[in-house]
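See structure below.
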Amino acid sequence: MRVVDTETTQLEADQAHICEMAVGKWRGGFWRTESELFDVKGGIPPQASARNCISNAMVRGQPTWEQSLDVVRNWMCVGNLFVAHNAEYDRQVLFYSAARANDLELAELFSDPHKWLCTWRMSQRIYQHTYKDQLYGQNYLRYKLDLDVPADVGVHRAGADVQVCGKLLERLMVDALEQGMLDI
């Protein structure tokens, strides 16, 4: 299982370009996170930078996501189940990015929604909130549920979001078990 997060140039998955990606693996009692910044052809629009805190200067000179497919493949092909907060967006961004890069193997891997768990949807089911309620975004849930995330872990950077999502997944599983919604 891998926890995944992408930071992109826009919210339209079929047009977005990935400027940062992180993957978390459960190792030795904590989420070990790897992340990479990627240069983006055409640059990162200011509205995207304002949201993800990634500037054009930060990615300048880095390889593009398309030039880093070996890294992505290494991260993603090991596990057969992926977790993300708003998983459908990350899945689609990865699918469209792989398709644009003509990497049919990765595109096929990202095309299957049944390989993805969404902590946003899980939280909706467990806590009975409205899915469209923005209050239940990942950072809101981080503080509402008092997740054990170090105070210096920020927001809207892929590595930080993977750490929070991993802790949120742990909590969701515990709460689902306690409510009898999950049977081991």
I'd like to know if the side chain of D5 reaches the main chain of V162, judged simply by a donor and an acceptor atom lying under 3.5 Å from each other, with no hydrogens or angles considered. no

Search all heavy atoms of A160 against all heavy atoms of V153 and return the closest pair with its distance. CB-CG1, 3.5 Å

Taking the basic N atoms (NZ, or NE/NH1/NH2) and the acidic carboxylate oxygens, is any pair closer than 4.0 Å for E7 and R51? no

At what distance, to the nearest 0.5 angstrom, does CH2 of W120 lie from CG of L141? 10.0 Å

Indicate, with yes or no, if V164 and Y143 share a hydrophobic cluster defined by side-chain heavy-atom contacts under 4.5 Å among Ile, Leu, Val, Met, Phe, Trp and Tyr. no

T6 vs W65 side-chain heavy atoms within contact, under 4.5 Å: no

Would you say the side chain of E20 lies within less than 4.5 Å of the side chain of N52, judging by non-hydrogen atoms? no

What distance do Y89 atom OH and E12 atom CD have between them, rounded to the nearest 0.5 Å? 8.5 Å

Please check: side-chain N/O of Q138 versus main-chain N/O of D161, any donor-acceptor pairing under 3.5 Å? yes

Can you check whether F110 reaches V93 side chain to side chain, under 4.5 Å on heavy atoms? no

Side-chain heavy atoms of C118 within contact of E88, under 4.5 Å: no

Taking all non-hydrogen atoms of both residues into account, name the closest pair between T9 and Q15 and its distance. OG1-O, 4.4 Å

Verify, without hydrogens or angle tests, whether R171 (side chain) and L145 (backbone) share a donor-acceptor contact under 3.5 angstrom. yes

So which heavy atom on L69 is nearest to which on A101, and how close? CD1-CB, 3.9 Å

Same cluster or not: L106 versus L104, using hydrophobic residues (I, L, V, M, F, W, Y) connected whenever any side-chain heavy atoms lie under 4.5 Å apart? no

Within the structure provided, determine whether L37 and R157 are in side-chain contact (heavy-atom separation under 4.5 Å). yes

Heavy-atom nearest pair, A48 first then T8, reads CB-O, 3.7 Å

Value rounded to 0.5 Å, distance of NE2 in H156 from CG in N139: 6.0 Å

Answer yes if V174 and W26 sit in the same cluster of Ile, Leu, Val, Met, Phe, Trp and Tyr residues linked by side chain heavy atoms under 4.5 Å apart, and no otherwise. no

Hey, are the side chains of V4 and M76 touching, using non-hydrogen atoms and a 4.5 Å cut-off? yes

How far does SG of C19 sit from CD of Q62, to the nearest 0.5 angstrom? 11.5 Å

Derivation and outcome, side chain to side chain contact (heavy atoms under 4.5 Å, CB included), residues K115 and L109: CA-CA 9 Å; K115 292 183 178 187; L109 178 69; 4.0 Å; yes

Could you go step by step and tell me if Q10 and Q47 meet the side chain to side chain contact (heavy atoms under 4.5 Å, CB included) rule? CA-CA 8 Å; Q10 63 170 294; Q47 61 271 28; over 6 Å; no

Please report the interatomic distance CZ(F82) to CG(D112), rounded to the nearest 0.5 Å. 9.5 Å

Got a second to check how far R125's CZ is from M122's CE, nearest 0.5 Å? 11.0 Å

In terms of hydrophobic clustering (I, L, V, M, F, W, Y; side-chain heavy atoms under 4.5 Å; direct or indirect links), are Y96 and V40 co-clustered? no

Evaluate the side-chain proximity of Q163 to K167: yes if any heavy-atom separation is below 4.5 Å, no if none is. no

Verify the neighbour count for atom CE of M173: are there more than 12 heavy atoms of other residues, nucleotides or ligands below 6.0 Å? no

Looking only at non-hydrogen atoms, find the nearest pair between R142 and V155 and report the distance. NH1-CG1, 4.5 Å

Quick check: does any side chain N or O of W75 sit under 3.5 Å from a backbone N or O of V23, one acting as donor and the other as acceptor? no

same_hphob_cluster(L177, L169) at 4.5 Å side-chain heavy-atom cutoff: yes

Is a side-chain N or O of T119 found less than 3.5 angstrom from the main chain of C165, in a donor-acceptor match? no

CD (Q179) with more than 12 external heavy atoms under 6.0 Å: yes

Can a donor-acceptor pair be found, under 3.5 Å and without considering hydrogens, that links the side chain of N56 to the backbone of I44? yes

Any donor and acceptor pair, going by atom type alone, linking the side chain of R91 with main-chain N or O of S111 inside 3.5 Å? yes

Decide yes or no for L94 and W116: does some side-chain heavy atom of the first lie under 4.5 Å from some side-chain heavy atom of the second? yes

Counting only N and O atoms by type, is there a donor-acceptor contact under 3.5 Å from the side chain of T64 to the main-chain atoms of F38? no

Heavy-atom pair of closest approach, residues A107 and A99: CB-N, 4.1 Å

In plain terms, say whether K41 and E66 are close enough for a salt bridge, that is, a side-chain N and a carboxylate O under 4.0 Å apart. no

